[in-house]
Amino acid sequence: MRICADENVAPKLSKLIREMLLSRTNTLDTVDDHQARGVGDDIWVRKFGEAGGEAIIGSDARMLTRPHELIAIVESGLRLIVLPSQWVNAKIHLQIAFLAFWWPEIEEVLNTSKPGQCFKVPWSWGETKGAIKFLPIDVQAAYKKVKKADKKS
């Protein structure tokens, strides 16, 4: 599976994931690999999907509340793994330990999920099996919000 780490996952951390955690059947890109740092999420998400991407990992849960970004994820057929908000504010050694602890289950969820599905990793050091939660999304509501905004402009 081709996965992309969003801007909230430091390039050095992405390198560590590639070298130490990533299974051989998966690859990990970064936003930088697609020259998309600083670009709107809906734009780089579509670009990654068009390049054969299958999943995104990051800590920006707001992607699910922004209609254009949610639609881009679903229409691109990507899966989304959202890391907990506490992770992005943690010191780098804790971020590394957390990803090492959760990575096998993250890959399992990605490999068994369907395109367009979203999940949230809990801020926890307990049992990992089944702990990553499915996040129901309402893409129809997102389409309605975009349509309503387009009418106003």
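Evaluation of the ring-ring contact (aromatic ring centres under 6.0 Å, His included) rule for Phe134 yields Phe119 as partners, not counting sequence neighbours. Legend: residues meeting salt bridge (Lys or Arg N to Asp or Glu O under 4.0 Å) with Glu127, ordered by chain and number and at least two apart, are absent. Qualifying side chain to side chain donor-acceptor pair (under 3.5 Å) partners for Ser76, counting only residues two or more places apart in sequence or in other chains: none.
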Show me the donor-acceptor pairs, under 3.5 Å and distance only, between side chains in residues 91-99 and residues at least two apart or in other chains.
{"residue": "Gln95", "atom": "NE2", "partner": "Trp87", "partner atom": "O", "Å": "2.9"}
{"residue": "Gln95", "atom": "NE2", "partner": "Val88", "partner atom": "O", "Å": "3.4"}

Using residues 102-112 as the side-chain source, report each donor-acceptor pair under 3.5 Å to any protein atom, sequence neighbours left out, with the distance given to one decimal.
{"residue": "Trp102", "atom": "NE1", "partner": "Ser124", "partner atom": "O", "Å": "2.9"}
{"residue": "Trp103", "atom": "NE1", "partner": "Glu107", "partner atom": "OE2", "Å": "2.8"}
{"residue": "Glu105", "atom": "OE2", "partner": "Gly130", "partner atom": "N", "Å": "3.2"}
{"residue": "Glu107", "atom": "OE1", "partner": "Ser23", "partner atom": "OG", "Å": "3.0"}
{"residue": "Glu107", "atom": "OE2", "partner": "Ser23", "partner atom": "N", "Å": "3.0"}
{"residue": "Glu107", "atom": "OE2", "partner": "Ser23", "partner atom": "OG", "Å": "3.4"}
{"residue": "Glu107", "atom": "OE2", "partner": "Asn26", "partner atom": "ND2", "Å": "3.1"}
{"residue": "Asn111", "atom": "ND2", "partner": "Glu107", "partner atom": "O", "Å": "3.0"}
{"residue": "Thr112", "atom": "OG1", "partner": "Glu108", "partner atom": "O", "Å": "2.8"}
{"residue": "Thr112", "atom": "OG1", "partner": "Val109", "partner atom": "O", "Å": "3.4"}

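If you take CG on Leu13 and CG on Asn8, they are separated by 11.0 Å, rounding to the nearest 0.5 Å. How far CD of Glu7 is from CG of Asp41: 7.0 Å, rounded to the nearest 0.5 Å.
The stretch residues 45-72 participates, sequence neighbours left out, in these ring-ring contact (aromatic ring centres under 6.0 Å, His included) pairs: His34-Phe48.
Between Asp42 and Ile71, the closest side-chain pair of non-hydrogen atoms is not below 4.5 Å. With contacts defined as side-chain heavy-atom distances shorter than 4.5 Å, the pair Pro115/Arg79 qualifies.
Taking each heavy atom of Val146 and Pro67 in turn, the nearest pair found is CG2-CB, 3.6 Å.
Salt-bridge annotation for Arg46 and Glu75: present, with a side-chain N of the basic residue lying under 4.0 Å from a carboxylate O of the acidic one. We find that Arg18 and Asp33 are joined by a salt bridge, their nearest charged nitrogen and carboxylate oxygen being less than 4.0 Å apart.
Checking side-chain atoms of Glu54 against main-chain N and O of Arg2 turns up a donor-acceptor pair under 3.5 Å.
Summarising the local packing, NZ of Lys145 is surrounded by 12 or fewer heavy atoms from other residues, nucleotides or ligands at distances under 6.0 Å.
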